[in-house]
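Index from 1, following the sequence. Worth saying up front: this structure is predicted, and the values here are computed from it rather than measured.
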Amino acid sequence: MAAFVLVSGPFTGGWIWEATASRLREAGAEAYPVTLQGAGDRRGDTGARSGSGTGTGRGSGTGAETGTATGTWSDTGIDLETHIQDLVRLIDGLRAPQVVLVGHGYGLHPVLGAADRRPERVARIVSLDTALPEDGEAAARSVPDPEVRERLTERADGTGGPIAPPEPGTWSRWGSTAGVPAEELARLDRLATPQPAGTLTAPLRLTGAGAALPTTGVLCTANGSTVDLVRMLVESGPPRFRAFTDERMRFIDLHTGHWPMLSAPGELAEVLQRAAAGEGHRVTLPERAEERPPHLLPFLLDVPEVPRERRGRVDLHLPAGRGVPEDDGPRPAVVFVHGGPIEADRRPTPRDTPFLLGYARYAASLGVVGATLDHRLHDLAGFPRAARDLADAVAQVRADPRVDEERIALWFFSTGGLLAADWLAAPPPWLRCVAASYPALAPLPGWGGVESRFRPAEVVGTAGGPPIVLTRAGREHPAFAATVEAFLTAAARNGAEVEVVDVPDGHHSFELVDPTDASREAVERAMRSVLARLRD
């Protein structure tokens with residue numbers, strides 16, 4: 001039977017695994033819930049104490065021990081490397097020839113660090129509802145609470161004292177609490193401890209020694225992660241997600257929130273045993289996938305090149321002959337808004353991809369100005385920054401003498417749809433149309449850290465506003481589709497004018513991955529509808 005080393009996220013210790021560890025042991029496995037230095041016991045607000053732990057990894061074969069830190073400590077000087085060494089010492093002290101390392105939240109960082117130091121002792125890595133970090137990445141980058149993430153960014157050197165645990169009732173800012181009984185939430189409040197800041201700000205340093213280890217992602221569906229979502233990211237997302245198709249990767253859905261050791265400890269124990277046995281879904285590229293990443297596939301319409309001018313973050317695509325303001329007056333403009341998050345160093349940037357080039361050229365070929373921009377939605381905390389970029393871009397487009405400043409449309413794609421909220425909540429009179437294609441119109445499950453203002457489904461129709469043209473993919477990911485249905489329900493209730501363009505067999509990003517006649521007709525119909533409202 002497998003030997004499991006269980007490492008939890010911030011503010012918690014080995015105690016959080018008690019029920020799951022008990023069930024693993026009942027099934028004949030060894031289980032070692034880990035309490036890392038600086039965590040595990042309620043200590044008040046300072047995060048400082050003196051004490052000692054057993055932490056030798058006694059490994060009697062019964063699996064009954066809990067690995068803890070050794071020696072006297074205070075918060076000062078405890079960082080990610082401290083916790084990696086804690087795990088290395090524990091692994092070295094276990095009798096089991098190999099172990100399954102399970103990392104939850106921040107706990108995945110020391111798990112990967114220890115696996116890199118002792119790859120020969122690791123049978124498998126299990127990422128429990130947590131994205132796999134890369135070499136050089138600090139855990140602060142993926143902290144779901146935007147306020148904490150911002151504070152950690154300002155304290156990149158780890159100074160300034162420990163990070164206080166969430167206030168009672170706010171644990172959902174760190175991940176869905178779906179299924180967690182009230183008494184367990186109360187226990188979480190009672191036993192949570194401050195987290196040494198250096199553990200979250202120090203970068204993970206990997207040599208690559210553990211890169212070939214088998215890895216299983218356990219995806220907590222109530223927190224927004226599913227095998228289907230992974231497939232969508234592989235098919236339509238950035239190229240880095242194609243790493244999920246590696247033969248060594250497996251994925252298992254677990255139908256609960258982000259804290260399965262509290263909400264479904266028995267089910268979690270079963271899933272961990274399945275993972276240790278190598279079970280799970282293998283994600284592969286679909287047959288239609290080409291060598292090029294999806295975002296570099298050609299646009300589905302054959303559109304002519306038109307004059308393009310670059311002004312900072314904004315490109316203007318001009319109707320032929322529109323080089324000077326005197327040419328038969330200013331024209332309406334459509335501003336196309338991409339989704340994300342997109343890594344800051346991706347090349348080409350969105351406005352240079354066939355997708356946005358295709359849409360902007362298509363609009364210009366029909367006599368309006370097509371505008372594109374590269375907004376800075378690089379992570380879930382980036383929506384306010386991206387919103388400012390969009391507002392600046394719109395102001396720049398309206399100020400151009402070749403643009404009719406009173407006739408502007410905004411067209412949002414995918415998760416860029418969240419940026420429509422500001423414009424629907426307070427629509428200016430010159431905004432003649434809002435369009436959205438396969439959008440997210442409320443934060444996706446697990447995106448609780450996104451600021452509350454970015455919820456179009458909650459504001460549509462509340463302030464009047466322009467007509468909306470919504471293109472809906474029939475084979476959309478359920479998480480996206482649910483936000484669209486909520487939006488349409490609210491729009492009907494509030495009297496908003498919405499035209500729905502359906503692509504029954506279309507997937508997310510259907511213009512790239514489904515270049516069918518039906519897809520072409522949908523794009524043409526949506527564009528005609530937008531331009532008709534601009535010219536009305």
At what distance, to the nearest 0.5 angstrom, does [atom1] of [X] lie from [atom2] of [Y]?
X      : Y      : atom1 : atom2 : result
Ile84  : Asp116 : CD1   : CG    : 8.0 Å
Arg308 : Asp315 : CZ    : CG    : 5.0 Å
Glu81  : His109 : CD    : NE2   : 13.0 Å
Arg151 : Ile163 : CZ    : CD1   : 5.5 Å
Thr353 : Arg347 : OG1   : CZ    : 12.5 Å

- Task: Assess whether side-chain contact (heavy atoms from CB on, under 4.5 Å) is satisfied between Leu300 and Val523, documenting all intermediate values.
- Result: CA-CA 9 Å; Leu300 78 174; Val523 171; 4.0 Å; yes
- Query: So Arg205 and Glu137, salt bridge (Lys or Arg N to Asp or Glu O under 4.0 Å) or not? Walk me through it.
  - Reply: CA-CA 8 Å; Arg205 298 300 183 191; Glu137 183 177 328; over 6 Å; no
- For the residue pair Val334 and Val369, establish whether any side-chain heavy-atom pair is separated by less than 4.5 Å. no
- Message: Are His378 and Pro341 packed together at the side-chain level, in the sense that at least one heavy-atom pair is separated by less than 4.5 angstrom?
- Response: no
Using a distance-only test with no angle check, is there a side-chain donor-acceptor pair under 3.5 angstrom linking [X] and [Y]?
X      : Y      : result
Thr215 : Arg248 : no
Thr199 : Gln195 : yes
Asp514 : Ser519 : no
Thr349 : Asp374 : yes

- Message: Can you confirm whether more than 12 heavy atoms, excluding those of Glu305, are under 6.0 Å from its CD atom?
- Response: no
Verify the ring-centre separation between [Y] and [X]: is it less than 6.0 angstrom?
X      : Y      : answer
Phe251 : His281 : no
Trp259 : Trp174 : no
His104 : His258 : yes

- Item | Passing candidate, side chain to side chain contact (heavy atoms under 4.5 Å, CB included) with Asn223, options Pro260, Ser172, Ser176 | Ser176
- Item | Criterion ring pair (Phe, Tyr, Trp, His ring centres under 6.0 Å) on Phe299 and Tyr359, from CA distance to verdict | CA-CA 8 Å; Phe299 191 57; Tyr359 264 103; 5.1 Å; yes
- Checking side-chain contact (heavy atoms from CB on, under 4.5 Å) for the pair Thr471/Phe510: CA distance, chi angles, key distance, verdict? CA-CA 10 Å; Thr471 302; Phe510 66 85; 3.8 Å; yes
Checking [X] side chain against [Y] main chain: does a donor-acceptor pair fall under 3.5 Å?
X      : Y      : result
His317 : Glu309 : no
Asp502 : Pro504 : no
Asn494 : Ala490 : yes

- Task: Check step by step if salt bridge (Lys or Arg N to Asp or Glu O under 4.0 Å) holds for Arg472 and Glu485.
- Result: CA-CA 10 Å; Arg472 182 169 55 181; Glu485 292 310 307; 3.1 Å; yes
- Start with the C-alpha gap between Ser414 and His508, add the side-chain angles, then the distance that decides, and say whether side chain to side chain donor-acceptor pair (under 3.5 Å) holds. CA-CA 8 Å; Ser414 189; His508 200 85; 2.8 Å; yes
- Task: Please step through side chain to side chain donor-acceptor pair (under 3.5 Å) for the pair Trp411 and Ser437, ending with a clear verdict.
- Result: CA-CA 8 Å; Trp411 196 323; Ser437 295; 3.0 Å; yes
- Message: Regarding Arg432 and Glu406, does a basic nitrogen lie under 4.0 Å from an acidic carboxylate oxygen?
- Response: no
- Message: Looking at Glu499 and Arg525, is there a salt bridge between them, counting it only when a charged N and a carboxylate O are closer than 4.0 Å?
- Response: yes
- Message: Against the six-membered ring of Trp430, is Arg407 placed for a cation-pi contact (under 6.0 Å from the centre, within 45° of the normal)?
- Response: no
- Message: If you compare all heavy atoms of Leu206 against all heavy atoms of Leu112, which two are closest, and at what distance to 0.1 Å?
- Response: CD2-O, 3.7 Å
- Task: Evaluate the criterion side chain to side chain donor-acceptor pair (under 3.5 Å) for residue pair Tyr362 and Glu524; output intermediate values, then yes/no.
- Result: CA-CA 9 Å; Tyr362 183 35; Glu524 291 168 349; 4.8 Å; no
